[in-house]
Amino acid sequence: MAINQTFAGANLLKPGAYSQTKVNLSGGFPLAATGIVAIIGEALGGAPGSSDGVQTFTSEDIASLIDKYKSGPIVDAARILVAPARDARVPNGASLIRVYKTNASTQASLSLQNAAPVNLFTITSANYGDDENLISVDVDAGVVSASARIITVQKGSVREVLTENEYAALLSLQYTGSGTAAALTVTATALVVTITGTPADSINIVLAGKTIQQLVDLIEAHAAYTASTTYKLASSKSAADLDPVSTPLDVLTSKTLRGQQKELLDIINSESQLVSATRVSGVEGTIANLAAKQFLSSAARGASTNTLFQNGLDKLLASRCNTVVPLISQDASALISSGDTDPASTFTVDAVNLQVITHCILASNTKNRSERNCYVSKKTSFANAQAASLDLNHERASMLFQDVEVLDASGDLVFRDPWAASCILAGIQSGTPVGTPATFKLINANGIRHQDYNSKTQVDLAIANGLLPLEEVDSGGIRVVVQNATYSKDANFVFNRPSVLAAADNVAFNLRANLESIFVGEKARTGSAEAIKNSVIAVMSTFLQNEIIVGDDTNNGLGWKDLLVTITGNVAIVEITITPVQGIDFVLNKITLDNIRQSA
């Protein structure tokens, strides 16, 4: 038996030097991003989430979000999220915004016909929503050639005059045989010439995969035909670009074939930002000139329902985020009359709020491993708002109930429903270091209002019943009174404060990710428990440096204690006690007044 050596999974027989490279992953994992906010609600533009899914935008790319969604709660929310506070202690806002649009908006469309008239092209708006019906299309004869076309697309002040198409001759052909009739047709798949009298001269050439030059060569190779092309790009131009010919064309005399439909299609789809075009297969001719511009139609704002909100939340389960905000505070029935939702909308705020908190619980469970909290809202009387908060009663949900005056998509000051206040809190949480409380942070709003809540006399009642109140500061500005959760079962220091829960979630998420990346799939070797323990200690030092956990008298200043790692078979169990960072809510001054005593 030959001498061999097993190394790095290989059986080596040939003498030589061999190597194996390993990467030490311990300490190589930065903390996961924490500035990710998911919003779910309506907008006037943009494709619905049912077809578009969850879209992601960075804080630097808000212009793209506005271009897509135009206006409405999604746009207003995004503006709030990236600049939520007027407070030096809040250096940033959300870094990533995940968007799911609920309302089922549709696109506008217009059929352009040939001279017959038969529908030839379908023009479709690039964006969605009922204002796409304001797009008009005009078709005029070309300047260079009257047979060409110049298409003008306009929406408001945006006017697109598209390039005149080339109206290029792609090829010429003629039947020169002894047949008595030669009828040419062109379909989407083939060029066919049917010969009467000499059927053997008939040809049927498949167009797919051939260029114009190759098609000419095939026709020219037949003794009964002549064919030629002067088209400069004949060697690369697809033969499938030929215009359809459904009315048989007599080629006993030379005929020219063109590709005007494809020319116009390419011009519209490459030059217009407002519309796109498709053509009806097999219809011959070109677009007829229009006596007057025609408007697109059939676009709709689209309705939202409880089911559409739930569908969006289900899709968000697959996306990593830290905070979720639903962009409604009232039932659809209360918003229809003011034009703030489609007349067919049927969503209810209580149902959606429960959906969102259920989503957060589900995403944060042991199996889904994507911890997150939510800021929900309700526009109602103070008594009803307290009742709604008590109904939710969960550590992963905070409830806002006051309107806030903020900038809308047009840059105007407007009062928005409490969902805007929810966005402010989500932005503050996202824009500050993990564990930083929003308490007493000055928000980026010009005013607050509520139908019957008195922020001077009823604030304790609001806090006690799980609401998150805002207040005007005597010295100016508006601030968060306390970053409160709806949790009201007891005085739990974690569950009552979203900032503390966020710190605990951050430790759970990052510790899990770190240990999984280093140890899952590795052998349980001698010393593996010690290696896991050392990795945990290293990660804990990162949490301590980032002030996510706090060293105190009970943990020797480490922020953690009681670390135990055990391995049984293929299962490693890590047990540890941590001290998550808390915000200072109360400063209690004990002042003793002493009497005057003097001597000389």
Any donor-acceptor N or O pair under 3.5 Å, side chains [X], [Y]:
| X | Y | answer |
| --- | --- | --- |
| Thr229 | Gln213 | no |
| Thr286 | Gln260 | yes |
| Thr323 | Asn373 | yes |
| Ser136 | Gln294 | no |
| Thr253 | Lys255 | yes |
| Asn103 | Ser105 | yes |
| Ser125 | Asn127 | no |
| Ser319 | Lys315 | no |
| Ser64 | Asp61 | yes |

Taking C-beta and beyond as the side chain, do [X] and [Y] meet within less than 4.5 Å on heavy atoms?
| X | Y | answer |
| --- | --- | --- |
| Leu65 | Val99 | yes |
| Tyr375 | Gln429 | yes |
| Pro418 | Asp403 | yes |
| Asp76 | Arg416 | yes |
| Ile328 | Phe347 | yes |
| Ile151 | Ile268 | yes |
| Leu257 | Leu184 | yes |
| Asn322 | Arg372 | no |

Counterpart residues, side chain to side chain donor-acceptor pair (under 3.5 Å), relative to [X] (two or more places apart):
| X | value |
| --- | --- |
| Asp138 | none |
| Arg258 | Tyr167 |
| Ser430 | none |

Identify the two heavy atoms, one from [X] and one from [Y], that lie closest to each other, and give their separation to 0.1 Å.
| X | Y | result |
| --- | --- | --- |
| Gly46 | Lys101 | O-NZ, 2.6 Å |
| Cys423 | Ala77 | SG-CB, 3.5 Å |
| Ser109 | Thr122 | CB-CG2, 4.5 Å |
| Val406 | Asn444 | CG1-O, 4.0 Å |
| Cys374 | Ile357 | SG-CA, 4.2 Å |
| Pro343 | Ile336 | O-CD1, 3.4 Å |

Practice prompt. State plainly whether the residues Asp417 and Lys379 are in salt-bridge range, i.e. N to O under 4.0 Å.
Written response: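 Lys379 and Asp417: salt-bridged.
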Worksheet item: Hey, are Asp140 and Lys293 close enough for a salt bridge, meaning a charged N less than 4.0 Å from a carboxylate O?
Response: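 So Asp140 does not pair with Lys293 through a salt bridge.
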Flag, side chain of [X] to backbone of [Y], donor-acceptor distance under 3.5 Å:
| X | Y | value |
| --- | --- | --- |
| Asn269 | Ala277 | yes |
| Glu42 | Thr102 | no |
| Asp250 | Leu252 | yes |
| Ser364 | Ile361 | no |
| Ser422 | Leu400 | no |
| Asp331 | Val349 | yes |

Practice prompt. Apply side chain to side chain contact (heavy atoms under 4.5 Å, CB included) to the pair Ile150 and Thr163, showing each step before the final yes or no.
Written response: CA-CA 6 Å; Ile150 297 175; Thr163 304; over 6 Å; no
Worksheet entry | Chi angles and distances behind the side chain to side chain contact (heavy atoms under 4.5 Å, CB included) call for Gln310, Asp314 | CA-CA 6 Å; Gln310 184 62 65; Asp314 290 343; 3.0 Å; yes
To the nearest 0.5 Å, how far apart are [atom1] in [X] and [atom2] in [Y]?
| X | Y | atom1 | atom2 | answer |
| --- | --- | --- | --- | --- |
| Asn92 | Ser59 | CG | OG | 7.5 Å |
| Gln55 | Tyr100 | CD | OH | 11.0 Å |
| His359 | Ser370 | NE2 | OG | 7.5 Å |
| Asp217 | Thr211 | CG | OG1 | 7.5 Å |
| Lys367 | Asn365 | NZ | CG | 8.5 Å |
| Leu191 | Lys210 | CG | NZ | 10.5 Å |

Worksheet item: Listed by chain and number, what are the side chain to side chain contact (heavy atoms under 4.5 Å, CB included) partners of Asp391, not counting sequence neighbours?
Response: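 Partners of Asp391 under the side chain to side chain contact (heavy atoms under 4.5 Å, CB included) test: none.
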Discussion item. Just to verify, what does Ser172 make a side chain to side chain contact (heavy atoms under 4.5 Å, CB included) with, not counting sequence neighbours?
Written reply: Ser228, Ser254, Thr256
Fill in: Identified side chain to side chain contact (heavy atoms under 4.5 Å, CB included) counterpart of Ile287 within the set Leu120, Asn114, Asn165
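One option only clears the test, and that one is Leu120.
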Practice prompt. Dump the intermediate steps for side chain to side chain contact (heavy atoms under 4.5 Å, CB included) on Ile203 and Leu218, then the final yes or no.
Written response: CA-CA 10 Å; Ile203 56 174; Leu218 288 171; over 6 Å; no
Response to the item:
Quick note, salt bridge (charged side-chain N to carboxylate O under 4.0 Å, His left out) partners involving residues 143-165, not counting sequence neighbours, are Asp131-Lys155, Glu132-Lys155
Item to complete: Would you verify whether the NZ or CZ of Arg449 falls within 45 degrees of the ring axis of Phe415 while also being under 6.0 Å from that six-membered ring's centre?
Response: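 Ring-cation test returns yes.
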Worksheet item: Honestly, is Arg98 close enough over Phe57, meaning NZ or CZ under 6.0 Å from the six-membered ring centre and within 45° of the axis?
Response: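 Ring-cation test returns no.
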Worksheet item: Take atom CD in Gln273; do more than 12 heavy atoms of anything else shown fall under 6.0 Å from it?
Response: no
Item to complete: Show the numbers, then the answer: is there a side-chain hydrogen bond (donor to acceptor under 3.5 Å, both in side chains) between Asn306 and Thr348?
Response: CA-CA 7 Å; Asn306 288 337; Thr348 56; 3.3 Å; yes
Worksheet entry | Residues Val139, Leu112; criterion side chain to side chain contact (heavy atoms under 4.5 Å, CB included); working and verdict | CA-CA 9 Å; Val139 181; Leu112 295 180; 4.3 Å; yes
Worksheet item: Stepwise, does the side-chain hydrogen bond (donor to acceptor under 3.5 Å, both in side chains) test hold for Thr58 with Glu60?
Response: CA-CA 5 Å; Thr58 68; Glu60 296 84 11; 3.3 Å; yes
